[in-house]
Structure formats: C-alpha cells, structure tokens
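For reference, the structure is listed below as structure tokens.
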There are 2 protein chains.
Amino acid sequence: MAKQKLVYFFGGGKTEGNATMKDLLGGKGSNLAEMTNVGVPVPPGFTISTEVCKAFNDNNRKYPKELDDQLQSNLTKLEKLMGKKLGDDKDPLLVSVRSGAAVSMPGMMDTVLNLGLNDISVEGLASKSGNERFAWDAYRRFIQMFGNVAMGLDLDVFEDILADLKAKKKVDDDTDLTGSDLKELVGLYKKAYKKAIKKDFPQDPMDQLRASIGAVFGSWNNDKAVKYRKLNDIQNLIGTAVNVQSMVYGNFGDTSGTGVCFSRDPSTGKKVFYGEFLMNAQGEDVVAGIRTPLKIDGLKKINKPAFDELVAIKNMLEKHYSDMQDMEFTIESEKLFILQTRNGKRTGAAAVKCAVDMVAEKMISKSEAVMRVSPDQLDQLFHPMIDPKFRKELTVLAKGLNASPGAASGQIVFSADDAEAWVKDGKKVLLVRKETSPEDIGGMDAAEGILTSTGGMTSHAAVVARGMGTPCVAGCKDVVVSGKVMSVAGKKYKEGSVITIDGTTGEVFAGEVKLINPKITKDLELFLGWADEIRLKAKRDGIKEKGFKVRTNADQPEDAKVARKLGAEGIGLCRTEHMFFEAEKLELFREMIVATDLEARKVALKKLLPMQKKDFVGIFKAMNGLPVTVRLLDPPLHEFLPNSAKDIKELAGKLGLKPAELQKKVESLHEMNPMLGHRGCRLGITYPEIYDMQVEAIMSAACEVAKKKVVVEPEIMIPLVGTAKELEILVENAKVVIAEVFKAKKMKVKHKIGTMIEIPRAALTAEKVAQHAEFFSFGTNDLTQMTYGYSRDDIGSFVGEYMDQGVLPKDPFQTLDAEGVGQLVEMAVSKGRSTRDNMKMGICGEHGGDPESIDFCYHAGLNYVSCSPYRVPIARLAAAQTVLKAAK
Amino acid sequence: MAKQKLVYFFGGGKTEGNATMKDLLGGKGSNLAEMTNVGVPVPPGFTISTEVCKAFNDNNRKYPKELDDQLQSNLTKLEKLMGKKLGDDKDPLLVSVRSGAAVSMPGMMDTVLNLGLNDISVEGLASKSGNERFAWDAYRRFIQMFGNVAMGLDLDVFEDILADLKAKKKVDDDTDLTGSDLKELVGLYKKAYKKAIKKDFPQDPMDQLRASIGAVFGSWNNDKAVKYRKLNDIQNLIGTAVNVQSMVYGNFGDTSGTGVCFSRDPSTGKKVFYGEFLMNAQGEDVVAGIRTPLKIDGLKKINKPAFDELVAIKNMLEKHYSDMQDMEFTIESEKLFILQTRNGKRTGAAAVKCAVDMVAEKMISKSEAVMRVSPDQLDQLFHPMIDPKFRKELTVLAKGLNASPGAASGQIVFSADDAEAWVKDGKKVLLVRKETSPEDIGGMDAAEGILTSTGGMTSHAAVVARGMGTPCVAGCKDVVVSGKVMSVAGKKYKEGSVITIDGTTGEVFAGEVKLINPKITKDLELFLGWADEIRLKAKRDGIKEKGFKVRTNADQPEDAKVARKLGAEGIGLCRTEHMFFEAEKLELFREMIVATDLEARKVALKKLLPMQKKDFVGIFKAMNGLPVTVRLLDPPLHEFLPNSAKDIKELAGKLGLKPAELQKKVESLHEMNPMLGHRGCRLGITYPEIYDMQVEAIMSAACEVAKKKVVVEPEIMIPLVGTAKELEILVENAKVVIAEVFKAKKMKVKHKIGTMIEIPRAALTAEKVAQHAEFFSFGTNDLTQMTYGYSRDDIGSFVGEYMDQGVLPKDPFQTLDAEGVGQLVEMAVSKGRSTRDNMKMGICGEHGGDPESIDFCYHAGLNYVSCSPYRVPIARLAAAQTVLKAAK
C-alpha cells in the first residue's frame with residue numbers, strides 16, 4: 001500500500017497543491033498553493049491536510065504514524081529553500097502555524113506565530129534584524145501564544161506579569177518597554193510557564209512545532225468553533241488543515257513594510273489600483289489607525305521594484321481569478337511577499353461597475369457578471385444611504401427592525417394628519433407611531449420615513465413602507481411613544497425634533513445625518529438587461545410557459561408606473577381595499593358597511609362603483625400591454641370602521657346614525673382572531689353585491705381603456721379560498737356580471753378569473769380548486785401564518801427567542817419556509833397542474849422579493865414572482881441567478 | 001334479441017320481483033314484491049322499472065315501444081286477479097300510481113290516486129260502496145290530482161272553485177258538502193279542466209294511466225327532487241320506478257278500517273304488539289288526530305280473523321326482516337291488506353332493548369345488534385330529556401345551537417358568581433351569558449344548564465359544558481343579554497325568571513318543563529360490552545397494536561372517575577390550565593405572570609408546584625392502571641389576567657402593584673390574533689421554568705402514587721409544536737427535570753413524552769417531529785382552525801350561510817373534514833410511523849366523540865379516540881360500528 005500523503009509543500013515556485021484542493025488543504029492552504037503555482041512570491045511553507053485533523057481528533061489526539069517523517073522532510077525542504085534553520089543561532093527560520101478549513105471560520109480556531117524562537121535563536125534574530133527589542137518582543141509573544149494555545153495556560157497569567165513589570169518600570173504602554181525589559185519579561189514568562197506546566201518551556205523547535213500543530217487541530221472541536229459551524233450550518237467538513245509557513249516581518253526595519261491593496265476601487269468599482277501601506281509596521285498597524293497609512297502610489301517612490309512587482313502581481317491575480325482582488329502584502333528587507341489574496345468585498349455600485357467592465361474587458365461572460373452582484377448589493381442602489389464617511393461619528397440611539405431600506409432624516413410627528421399638514425407647510429417629517437393602521441396611509445406617504453415601536457417585518461407599517469419605497473424602522477422596542485413625545489433611554493424627543501433612521505440597518509440616530517443618493521446608472525441598466533435575458537429564456541421540465549417573470553404588487557397608478565420603470569412585467573397583486581382608504585371612498589364604504597339591508601348596501605356600492613372604475617382605468621393604462629391581477633376585497637369589514645368613542649361619534653354624525661347604534665355595529669363586527677375571521681371570499685359569499693360591484697368596476701374599466709387602444713388583460717383574483725365550492729360560487733357570480741358588462745359595452749375583453757392559494761386547505765385540495773381557477777397566486781404571507789400558526793402581528797413576543805435558540809433558522813415571513821410551507825406550495829402546484837396542465841402560477845406574498853424564496857419559487861415551478869415596486873430590480877437579478885444556478 | 005322486461009307484476013301470491021331488486025324496482029316496488037312473495041296480502045299491482053324512467057327522460061318523454069304491450073298485459077292480469085275492470089260501470093277497479101326510487105325521497109315526486117274513475121265508473125263505485133258521497137269525493141279528488149300532476153294545472157284553480165261552492169252552499173268544511181254537492185263540483189272541475197287544457201277530461205282509463213305514469217316519471221327531474229338529491233348527496237340513480245297498485249279503502253263503510261302497528265313497542269322496545277286503528281277511516285285520519293284511534297287490541301273484538309291475520313303477519317315479517325316492523329294496514333270490507341312495512345323507528349332505549357332481546361331470541365347476532373343502535377340514539381340515554389308527552393304543548397321561545405345535550409330548567413342568573421351563590425342557597429339556576437370565559441368555570445359547574453347568545457359549537461361554553469355533561473344552548477342569537485335582563489323577541493326575562501333549555505335540540509322554552517331521566521340499564525351494559533369486544537380485537541394492516549380504544553378528555557379527578565365508569569380506557573387529554581382557574585391557584589399563577597424577572601417567576605411557580613402535584617395525584621389514582629396524557633400549559637398568558645379597569649385595580653391591590661403597572665402588563669400581553677399567538681410550546685420555549693414546574697409536578701405525583709401501588713403511566717404532551725426543533729428542546733428540558741425527580745425519589749416510573757399535532761406544519765414535517773415524540777395526539781380543533789383559516793370564536797358570522805350554500809357540507813368543528821384536514825392527519829400518521837413504526841397515535845379534539853370522525857380516525861390508523869366523559873359510550877359504540885363496517 002502506498003504511503004498516504006499527509007503534507008503538501010508550497011514555495012520556490014513549486015507546489016503540491018492547487019485551488020481545487022480546498023477540502024483537503026482548506027481554503028487558506030489551497031489558496032497559498034495556487035498563488036505559489038502562478039508565481040506569486042508567497043512565504044514558503046507546507047500544509048498538513050484535513051485528513052490528519054480527522055485522524056488526530058478521532059484517534060484520541062494521536063497523529064498518524066507517517067506524519068512525523070513527512071513533517072520532518074517538509075521542514076528540511078523549507079529550511080533548504082529559505083536558507084535558514086529552525087532554532088538557528090545566527091539567522092533562525094521562524095514559522096507560523098495557522099488553521100484553515102474548507103470554509104472560512106474567522107477567529108474561531110487557534111494560531112501560533114514566531115515559532116522556532118528559543119533562548120539561542122532569539123539572539124540570532126536580534127543580531128540579524130539589528131533590533132534586540134524586536135527579537136525579544138517576538139520571543140515573549142511566542143511564549144505567551146504557545147503557552148496559551150498549545151498548553152492551555154490562562155492568558156491572564158502572562159498579562160499579570162506584564163502589568164507588574166510595567167508598574168515596576170513605571171511605564172504605561174507595552175511599547176515603552178525596552179529590549180532589556182522584554183528580556184527580563186521572557187525570563188519571568190518562562191518561570192511562570194514552568195510553575196504551571198511543571199516542565200521547562202520547550203527549547204527544541206520540533207517539540208514546539210508538534211505541540212502547536214496538535215493545538216490547532218484540537219481547536220477544531222473547541223466550543224466556539226462547534227457553535228459557529230452549527231449556527232452557520234457548516235456541515236460535512238472533516239476538519240481543518242494546518243499551514244506551517246515561514247514568517248515575514250514588515251517591522252524588520254525601515255526597508256520593511258506592510259499593506260493592503262485592491263485591484264479596483266472597492267467603493268466605485270473603477271479600474272484603478274487602490275490601497276494603503278505603512279513602512280516598518282505590522283499588518284495590524286494599518287488597520288488600527290494609530291499611524292496614518294500612505295496611499296499605495298507612495299510605494300513607487302520608496303521601493304519602485306517592489307511597487308512594480310506588486311502591480312504586476314495584482315494584474316496577474318485579477319486575471320487568474322477573473323475578479324477584483326483584495327491582497328495583503330509585506331515587504332521584508334525590501335523583498336515583497338504576498339500573504340493573502342481573495343475576491344474583494346465591494347459596494348453595490350462597485351459590484352455592478354466591476355461586472356460590467358469585466359464583460360467589456362472580456363474577462364468574464366455576461367452570465368458570470370450576473371452572478372457577481374448579490375441582490376442585497378443591488379438593493380443599496382435604490383435607496384438613499386447614510387454617507388459612510390460620517391457613519392463612524394454617529395451614536396446609535398436605538399435599534400429596531402430594518403423594515404424598509406434606505407435612510408431618512410426629518411422632524412418627528414406623531415400622527416398621520418400632522419405628517420400631511422407639516423409636509424404641506426414645506427417641512428420634512430418622520431412619522432413616529434406605536435403602530436400604523438390603514439387610515440395612516442396619507443401620512444405615511446407624506447413622510448420621509450416611518451418609525452414604529454411595535455410590529456414586525458410584516459407589520460402594516462413595514463409592508464406599506466416597502467410598497468412605497470419609504471424607509472422604515474419597525475418594532476423599535478426602545479422607543480416609547482406617549483402622546484406627542486418619544487422617549488428613548490430616558491431622553492425625551494418632542495414633536496419637531498430632528499432624527500434620522502436607517503431602514504437598511506434598523507438604526508435610529510439623533511439629529512440630521514448627511515445622506516447620499518445613489519443613482520441608477522447606464523451600467524446598471526445594461527447589467528439588469530443581461531439578467532432579464534437569462535431568466536426570460538429559462539425552460540423547465542413540465543412547465544409549458546418559457547421564462548421566469550417578475551411582476552409587482554401595486555395598488556395605485558403611480559406605483560404601477562414606478563414599478564414598470566423598474567422592470568415589472570405586470571401586476572401580480574393589486575389590492576382593491578387600499579383604494580377604499582381615501583377619504584371620500586372610505587366614507588362611502590363605511591356607509592355600505594353600516595347599511596342594515598341589501599338595498600341600502602347596494603345604494604352605497606353604486607356610488608362607489610365609478611370611483612373604483614377610475615382607479616382601474618389608471619392602472620390599466622399604466623400597465624398597457626401587461627397583465628394586471630386584481631384581488632377582490634380581502635380585509636374584514638371592521639378594519640374600515642373607527643374604534644375610539646370620539647371617532648365613532650364623529651362618523652355616526654356623518655352617517656346620520658346614533659353613536660350607540662354605530663357602536664353596536666362596531667362591536668358586532670369585532671372578532672377575536674380577525675386573521676381567521678369573516679374576510680376575503682367569505683365576504684364575497686355573504687355579501688355577493690360587494691364583489692359584483694368590484695367585478696363590474698374592473699371589467700367596465702377594461703372595456704373603456706380597450707376602446708382607447710390600451711391592451712389590457714385583467715386577472716380577477718378571489719382571495720382566501722379554502723374550498724372549491726367557494727370559488728365555484730364566486731366564479732359563477734363574476735361570470736354573470738362580466739356577461740352583463742360585455743353586453744352593455746357591446747364588446748369583450750380577454751380576462752382570467754383565478755384565486756389566491758393562501759389557506760392550507762386550498763393547497764391540500766388544489767386539484768379541485770383548479771377546476772374553477774384559471775390561475776393560482778400564492779399568498780405566502782397568510783399561508784405562512786396558518787401553516788405555522790403564527791400571527792404576524794403577534795410573533796414579536798417570541799420570534800427573537802426562536803431565532804436565538806435555532807427553532808427558526810430565519811424569519812419565515814421574510815424567507816419562505818421551504819420545508820413546511822413550501823410543501824404546501826409544491827403540492828398545490830402539482831395538484832393544480834394535474835387539473836390544468838398549463839395553469840399560470842405566481843407568488844404575491846412578501847416572499848416574492850426575497851432572493852432565497854425566489855429560488856424556491858423557480859424550483860417549485862411558478863411562472864412569476866410579484867413584489868413591491870422597489871424590489872423589482874432585486875427580484876429580476878435574483879431570478880436570473882436562480883436560473884443560472886439551476887442550469888448548472 | 002329478447003324483448004326487454006319493463007314491467008314486474010306482484011299479487012295473488014306470485015311476483016316477478018323481490019327485495020334485492022331495489023335498483024330496478026325502487027324501494028317501494030321491491031318491498032311490495034317481497035311482501036307478496038312471503039304471502040302477505042298486499043293489494044296487487046305492478047311496477048314499471050327505473051329503466052323506463054331513464055329511457056323516458058332521456059328520450060324526450062317518450063316511452064320505449066315495448067312498454068304499451070307490457071302495460072296492457074299486466075293490467076289485464078291485474079283485472080283478472082281482482083275480478084274488476086278499470087272503468088267498469090258496476091264494480092270498477094281503481095289504482096294508484098306512485099313513485100318509488102331506490103332511495104327514499106319522501107314527498108319529492110308525484111302521486112295519482114283513484115285512477116280509473118270516469119263519469120260511468122263513478123256510478124259503479126257509488127252503488128258498490130253504497131256511498132254516493134264517497135264515490136263523488138273520490139272522483140273530484142282524482143280530477144284535481146290528475147289535472148295538477150299529469151297536466152300541470154295549478155291547484156288553486158280547483159281550490160277556488162271549491163271555496164266558491166262552499167260559500168254558495170254556506171258550509172265551512174269540505175266534509176259538510178253532500179254527495180250531490182260533490183257531483184256538482186265534479187261538473188265544475190271538468191269545465192275548468194277543459195277551459196285550461198282545451199280538451200275534455202279523459203274518460204278512457206288507459207289514457208289516464210299513460211298520462212299519470214308519464215307525470216310520475218317526469219317528476220324525477222322536477223326542481224325539488226333534483227335539489228333534494230343534491231342536498232342529500234344521492235347519486236348514481238337512473239330514475240324512479242312507478243308502482244301501479246289496486247286501491248283499497250278503509251273508508252268503504254263500517255267493515256272497513258285502517259291503522260298503523262309496530263311489532264314491538266317503539267318507545268320502550270318491549271316485545272308487545274303495539275298500534276292504533278280507526279274503522280271507516282283513511283290513513284290520514286289516524287295521523288290527523290280528529291278522531292281518537294283505538295288501541296290495536298281493540299281490533300280483536302271487531303274483526304278477530306283480521307286481527308289474528310295481522311298478528312301472524314307481523315310475526316312473520318319481523319322474522320323475515322330480522323327487525324322490528326312498522327306496518328300500515330287497511331281493512332276493506334273485512335278483508336285485511338298490508339300497504340307497507342318497514343323497519344320501525346324507535347327511541348334510544350327501545351333500540352337497545354330490541355337489539356339485546358333479539359340476540360336473546362337468536363334473531364340476530366351480537367354484531368348485528370351493535371349495528372342496530374345509532375350513536376345518536378345512544379346519546380339520548382345519558383341526558384335528562386323533556387318528557388315527550390308534554391313537548392307538543394310547549395312554545396319555543398328561541399332556538400340556538402344544540403351545544404351540549406340534555407334538558408334543564410332553572411332560574412336564570414347572569415354571572416358565574418351569582419350562579420354559585422344562588423346554588424349555595426339551594427336554588428336551581430341556569431347561567432345565561434353573552435359568552436363564557438375560563439373564569440366562569442365555577443358558575444358553569446354549579447348551574448343546571450348554560451345558555452349563551454354568541455359563540456359556536458366549539459365556543460368555550462359549548463366545550464366546557466360538554467366536558468361537564470351540562471346541557472347547553474349556545475349562540476342563541478335571538479336572546480339579547482343586557483345587565484341582569486335577557487330579552488327575547490321583545491319580552492324581558494329578569495334574574496330569577498324560570499326557563500327551560502333543551503341542549504339536544506337547541507330550543508329554549510319559558511317556564512319549567514317536566515323532564516325525565518333515562519337510566520343506564522343492564523341491557524345497555526351488555527350491549528356496550530359487545531361493542532367493546534368488537535373494537536378491542538380489531539386488527540388493521542400496518543398497525544402493530546390491536547384494537548381501537550376510547551379515552552376521555554378530563555382535567556379533574558371527578559371527571560376522570562365519571563369517564564372511567566362510562567368505559568374510558570385512559571385519559572387522552574388532561575388540560576393543566578383548567579387547574580389554574582381555581583381561585584387560589586389563579587392568584588399564584590397571576591403572580592407568576594406579572595413577575596418581572598425569572599427569580600420572581602420561579603418563586604410563584606414553586607408555590608404552585610404542590611397544588612399541581614395534588615391534582616395529578618387525584619387523577620392518577622382515579623385512572624389506576626390506565627394511561628394518562630397530560631398536556632402542558634397551552635393558552636396564552638393574557639387569558640389568565642382580567643380586562644376591566646375594576647378587576648385590574650382589584651388584582652393590582654392583591655399583587656401589591658400599581659393599577660397602571662398591571663394595566664401596562666395586560667396591554668403588553670394583548671394579542672391581535674391570540675389563537676396564533678404566544679401560547680402552547682412557545683411559552684415552554686420562552687419561559688422554560690413553567691414547563692419545568694409542570695413536568696416536576698406530574699412526575700413527582702406519579703412517583704408518589706406508584707409507591708402506593710397505583711399503576712401509573714403518565715404521557716407528557718407538548719402542545720402547539722410546529723417545528724421538530726421546539727420539541728427537541730422541550731423534550732431535552734423535560735428529561736433533565738424527570739431525571740432529577742427520579743433521583744430525588746430514588747425510583748423510576750414508566751412514562752412517555754409526545755406531542756400534539758395541531759399545527760399544519762407539524763403534520764407536514766411529522767417524520768422529523770417524530771424523532772423526538774413517543775406519541776402523537778391530533779388536536780383537530782386547532783388543526784381545523786388553521787387548515788381552514790377559521791377562528792372558532794368568529795365563524796358564527798358566516799358559517800350559517802356557508803352551510804346553506806353548500807360550501808360546508810357539515811360544520812368542520814363537529815365532523816372532521818376528511819378531504820382537507822384529514823389529509824394532514826393521514827400525512828402525519830404515515831410520516832410519523834415512517835420514523836417510529838409502532839408509534840401510538842390518537843385524537844383529542846372535539847371530533848373524538850363524533851361518529852363520522854371516529855370512522856375517519858379508524859381508517860387513518862389512529863390507536864384511540866378521546867372525547868368528553870359523557871361521549872365515551874357513544875364513541876365506544878361508534879368505534880365498534882366502524883370496525884364492523886370496515887370488516888365488510
């Protein structure tokens with residue numbers, strides 16, 4: 001049997017590994033190998049494979065027999081290559097021992113630096129570097145790290161000694177200790193080590209090495225690493241690799257230095273060399289901000305060969321990885337080393353710019369470009385943001401849910417009416433409420449942003465704000481609203497005070513903050529066009545219609561126009577009830593609700609009809625040529641009536657009723673669980689005249705615009721269906737009305753009648769429901785509520801705990817629960833198509849704008865997703881990425 | 001090709017049909033044939049098959065060619081047998097033409113009597129009967145019926161003529177018209193007929209016959225018949241048969257008569273000949289109650305041969321049909337004819353008595369006996385009833401839902417406290433409330449019965465009342481409760497007024513009504529023993545445990561004892577929260593809820609622990625040897641706090657809080673949709689200390705009783721699980737507590753930990769949930785709420801309309817919806833057993849006591865059903881019947 005290879009060398013232009021060997025060598029190890037392969041000057045070393053980790057941990061922390069030989073031979077090779085020896089008294093080789101699993105787990109496992117120092121080699125390092133202080137500091141750090149990592153000594157043991165010494169020397173900072181102080185410290189450290197471990201600090205570098213490797217392998221199973229893997233759902237890894245790499249020092253003297261650079265500007269994406277460095281410094285000095293780093297161009301003057309080499313390397317690496325690179329480098333005694341390269345993190349704008357440029361440069365294909373921008377990055381481009389330059393200076397006042405992205409500043413007001421009034425006076429306001437209700441729509445629309453103290457991601461405020469594209473922080477529990485005052489952490493903010501909210505992060509700040517408005521560039525349009533091309537030609541087995549479309553949820557012509565500009569290919573959900581909340585319509589609608597008999601109800605409805613029709617005319621015109629799904633009345637009637645005694649009295653006056661009568665009506669409509677109450681198609685069955693009016697309004701509007709050459713295709717959608725019979729009755733009713741309209745208008749218009757699938761029972765019996773439905777639209781908000789038994793309005797009291805304890809991996813109202821709710825969707829798709837094989841199906845719940853949910857919808861076989869207007873571009877991108885991933 | 005046989009003769013001891021030919025001859029036709037076959041003197045005739053009906057209706061109301069020949073030959077045969085001829089001027093044969101489908105559709109289709117009368121034969125009938133008035137009355141009735149049924153004339157045409165004639169003759173009643181008046185009437189009828197039809201009234205009996213047969217066949221498709229079949233789900237019938245039968249008359253003179261008799265007493269079931277008759281009368285006279293009928297024994301004196309023959313026939317028919325017979329007979333001129341026999345309807349008591357006696361008489365097997373009593377009949381035996389003798393005299397004040405069976409009279413009170421106080425003073429009270437809440441338990445228990453004006457079949461009042469076996473009428477909308485007054489239809493009933501409710505029918509009566517208390521007899525015990533034998537030995541494919549068991553839902557030792565006496569084989573649901581509503585516990589529980597930190601909560605829980613333990617000790621003792629499933633806390637915490645300002649103030653005082661503080665707590669716990677809120681295992685996750693206390697109480701109690709030789713097997717049930725993870729966490733927590741109890745008690749007790757399946761998602765992911773559950777119990781109340789999206793508390797506003805329009809065939813909270821909810825149950829059973837193949841599964845929702853749902857549960861593979869104590873016998877019977885039906 002061939003001896004198993006356990007150790008892989010890299011350095012001197014030759015390696016035994018490459019980028020494809022992540023599982024065996026870990027991310028870091030395979031990347032070091034890859035860089036070495038392509039000629040990048042990486043400090044040489046070798047990687048001990050993940051299989052050793054597994055063997056070590058499985059086998060009671062014993063190494064495989066073969067390891068020691070392979071370790072020894074690789075070390076010898078390294079020493080030969082470097083021309084230095086571990087533990088040498090003149091010019092010792094020093095190495096680092098680092099973890100590196102196939103998936104990055106930053107900070108979770110252990111590292112040992114400066115290994116190879118002992119009482120003899122420290123003198124060699126001192127004389128070679130010409131810096132005694134540097135050498136002894138390195139030695140004392142090594143003892144500390146080794147003692148802690150390899151021997152499990154408490155770091156406090158060392159920190160206490162250091163503190164005592166500083167007191168004795170009367171200095172404040174570590175950096176004030178001299179070389180001889182540090183030499184004294186090393187003595188004290190070794191004494192403490194011996195006291196605790198009952199052995200001298202090991203002087204043999206091989207002993208140091210074996211113990212350190214074992215410690216790193218062992219750290220794979222420490223508590224925080226195990227927890228991190230669990231939380232991040234990292235599975236199927238056998239262990240970490242260990243990288244033993246020769247040390248290089250940027251603080252070796254004035255010809256040494258260290259820095260970070262990007263192959264393109266990570267903020268803008270422009271193709272310029274971007275970076276910072278410091279001479280005679282360690283990597284952490286660049287980050288810490290004690291000294292001001294120099295711009296990367298400055299290196300040209302200090303060390304032109306190194307600069308030129310760096311430029312050549314970044315060009316080569318960018319080409320090699322076909323992506324913008326983020327590199328760490330060190331110059332030790334004039335010689336350049338690359339410590340790390342990775343694909344650089346970037347802003348949304350930069351991501352788009354890079355992707356588009358790289359296609360132009362023929363570095364990547366359009367498909368690759370589409371995969372290069374994450375939907376979240378794209379989202380940044382559609383909302384004002386807090387200028388990152390000022391962000392650091394801000395103190396967070398409170399933090400709530402990031403309910404609708406974008407930032408906004410303004411004067412706070414506490415009622416929707418005030419918001420409208422103040423805005424009319426030319427002020428910029430933020431609406432602050434405990435929670436919002438449908439009556440607040442006007443004020444919400446007027447406000448720059450919305451802040452609520454209760455409610456979740458799918459509360460009224462959150463849903464409406466996202467629909468409007470208005471920034472919103474919801475469920476901000478630290479904010480207490482009382483009258484016209486908002487208190488946060490004991491401080492009071494009166495009406496008119498200025499605050500800023502960031503709906504992208506959920507943060508609230510005092511005062512005004514400078515915002516920047518990202519703009520939609522030509523690059524972005526080009527980029528999204530590529531995404532559209534991909535998703536529109538997607539073909540799936542068993543699904544007749546080609547493509548995967550994106551529609552929008554819009555209730556008003558204005559919203560429809562915005563969404564269309566953002567690329568919506570139709571309306572997936574037009575909620576007719578939002579139309580009723582405008583003052584005039586609301587009054588008539590209330591008249592209809594309090595009517596005591598059918599005739600009175602019909603009178604009120606007749607007055608509403610022309611108004612509803614006008615709304616539809618506007619929407620149909622805005623969506624000329626695209627389908628529009630109109631949902632008939634959904635919420636329970638009591639949502640349209642006031643609750644407070646004052647409001648009831650006022651309304652009673654208007655309607656010519658006694659307040660007591662109206663009070664009684666309001667009470668009679670009260671429900672214990674309105675979510676599960678008398679709403680949706682249940683109203684259509686019990687008050688058929690309401691749906692009749694709505695159907696008449698929709699179809700009359702359609703006929704009128706069709707006469708004016710507008711291409712219109714209304715899809716009438718019946719909500720909350722739980723039984724096929726409900727739909728059968730309501731479809732029959734609708735057909736009668738439609739026939740009457742066509743007869744009166746002497747024309748016909750293409751149209752469909754379908755249903756929401758939002759009740760579990762509808763999904764379970766979808767083959768029967770489909771007998772009466774020409775399309776299905778999944779209302780996954782309600783479907784999630786009922787499948788989990790969670791009220792969106794009440795989930796706040798336990799959802800935090802549920803996420804913390806891992807009961808819910810994600811908020812199921814944000815990302816569709818594929819395991820449970822998804823089963824019902826898949827069932828309904830398959831049962832529905834068993835009845836009508838070419839049935840059009842889409843989703844109109846909030847999930848329609850969530851990339852992970854969009855991915856689910858594609859695989860479940862839906863024809864389109866529908867989301868709020870400002871999510872449309874994100875959905876277009878996410879849909880294209882799903883198509884690309886599925887094609888693999 | 002052989003000519004198709006379309007007409008089947010019966011009479012003269014010979015027939016061409018029999019009891020098995022229902023599909024072809026209809027129920028009536030096959031029964032007439034069967035009786036003729038066994039020698040019963042049935043008026044002869046013939047049956048035209050259902051195939052003719054189909055051909056007639058399919059073929060534009062044309063008869064098959066062959067029919068006329070067959071009709072003619074059968075008529076000739078009939079005339080020969082009867083020695084009379086249709087249309088004869090001396091002694092004419094008269095026939096009836098009646099419908100009769102395979103399934104009885106009483107009153108839905110048409111009938112023609114006295115066919116064969118014309119201007120000549122009427123004289124023959126007059127002379128033969130010696131009663132001119134009788135003959136002309138028969139003729140005018142025939143014209144009226146024929147005109148209406150066969151020719152579609154409006155009955156009003158004839159009624160108007162009759163009214164005019166009565167006015168002219170100055171008489172009030174039809175019976176005051178003389179023979180010659182009726183002769184005059186016939187003349188007027190014929191004139192009217194001719195005016196409308198433009199033809200003379202047909203004098204040829206064959207014309208009369210053909211038209212009448214066609215009319216009856218045609219009535220198969222009249223509106224009411226079609227609707228009746230739709231409503232009663234009568235499918236797969238091709239049409240009705242038509243029976244042409246010679247008429248016999250009980251009002252032919254003093255030697256004629258008519259009556260109804262039963263082979264056993266239908267009230268008591270005793271084996272005595274029971275019946276009533278009238279001489280010189282028609283069947284309707286016996287029913288109408290104008291003359292007082294004689295007891296059947298009286299016939300012996302009047303016509304001994306006929307009486308003896310009747311006794312012999314009833315004995316023979318009872319034996320032939322192996323069941324108690326309900327017969328109609330007529331004596332025409334001393335000769336006995338049997339017009340109809342069928343299995344007699346009987347009371348519950350009679351059903352049991354008959355079944356037990358017939359087994360003793362070796363008429364039927366035990367299995368047959370078990371099938372002979374319907375669960376509804378059995379239910380009568382467990383509740384006081386309104387004495388049927390007085391029922392007719394009562395006026396119904398209002399009608400609500402029959403929420404909990406049995407009748408009760410008492411003085412009305414309007415609060416639970418008053419109920420308790422009045423009962424302490426020795427009064428009998430009925431508790432009248434808008435709706436009840438958990439705090440009303442004491443008063444509900446004290447009251448004789450409960451009446452609520454709102455709420456459905458599964459409202460709090462209904463569920464609790466059924467559990468207690470207390471009669472309840474719920475959701476009685478006509479009753480308006482305001483302060484201490486109840487108004488019904490404008491009349492006011494003050495506190496202290498006496499009313500009576502019948503929870504079996506939902507009726508409310510003013511004043512006291514005499515009630516009778518059925519008692520549990522030895523016969524019943526014997527009978528239920530047979531049922532138990534059948535269900536306990538039932539075996540099903542793929543289900544390891546034999547038998548189909550019946551458990552009970554009981555929260556208190558007293559309930560448990562009652563249920564055990566009624567045959568419960570364990571407790572399927574012991575709701576721990578009901579225990580908290582006793583005053584002392586409620587106070588401590590509230591202290592726990594308002595506690596602001598964990599420590600304070602634990603202090604309150606520690607005080608509750610011994611009280612909970614005591615409850616469990618009582619229940620375990622009562623159920624010695626049987627399993628007890630205890631559900632941990634389920635309702636949301638706000639259910640335990642008061643709502644009114646007054647109550648809040650009072651409680652705040654007790655708890656040493658400021659009312660405003662408590663008010664704030666109450667508000668913070670308020671939920672929009674409590675049904676979908678922070679309850680069940682969600683409380684267990686967020687406040688683990690509550691479940692820990694409950695588990696400790698259960699297991700400590702179990703250990704204590706086990707030491708006293710009580711055989712105990714607690715099954716700890718975790719409610720409202722929607723994800724496997726919830727259960728995993730809570731089972732782990734429970735195991736820790738159990739281990740501590742066992743350690744402290746130095747012993748172990750057999751136990752299980754399982755879960756409710758009541759959230760759709762739990763059913764969908766049951767294979768994962770089952771990894772942590774040792775049993776499943778289906779909470780089909782909540783499962784129905786979530787699968788349909790119906791709130792039990794709010795469904796009242798539309799469920800009536802839904803049943804009327806056929807959207808819901810039944811109230812899904814009474815009978816489990818097999819089509820939708822049932823799918824989830826079946827899915828969970830199969831997924832659950834895919835993880836644990838011998839997993840015990842049961843149902844503890846209200847459906848556990850509903851026969852149709854029990855049938856579903858058996859086929860779904862559940863091991864037991866659990867229902868309220870007083871439903872246990874009904875469930876035992878229903879379960880046995882299900883097993884018997886499945887075995888077929």
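Naming: A, B, ... by sequence-line order, numbering from 1 per chain.
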At a heavy-atom distance under 4.5 Å, which candidate from [options] has the highest pair count against chain B?
options: A:Ile729, A:Thr787, A:Thr765, A:Asp782; value: A:Thr787
options: A:His678, A:Met675, A:Arg682; value: A:Arg682
options: A:Thr723, A:Ile795, A:Val821, A:Leu808; value: A:Thr723

Test item: B:Met786 and A:Leu676 side chains (from C-beta on) under 4.5 Å apart, heavy atoms: no
Flag side-chain contact, heavy atom, 4.5 Å: B:Lys725 against A:Tyr802: no
Contacting moiety of B:Glu801, where chain A heavy atoms sit under 4.5 Å: side chain
Under 4.5 Å from a heavy atom of chain A, the part of B:Asp817 involved: side chain
Quick one: pull up [atom1] in [X] and [atom2] in [Y] and give me the separation to the nearest 0.5 Å.
X: A:Phe798; Y: B:Arg679; atom1: CZ; atom2: CZ; value: 10.5 Å
X: A:Glu819; Y: B:Leu764; atom1: CD; atom2: CG; value: 9.5 Å
X: A:Ile759; Y: B:Tyr788; atom1: CD1; atom2: OH; value: 10.5 Å
X: B:Glu671; Y: A:Ser797; atom1: CD; atom2: OG; value: 5.5 Å

Which of B:Asn673, B:Ile685, B:Val807, B:Leu824 touches chain A most, by non-hydrogen pairs under 4.5 Å: B:Asn673
Pairs of heavy atoms under 4.5 Å with chain A: top-ranked of B:Gly796, B:Ser668, B:Pro674, B:Gly722: B:Pro674
Sidechain-backbone polar pair: A:Asp794 side chain, B:Met672 backbone, donor-acceptor under 3.5 Å: yes
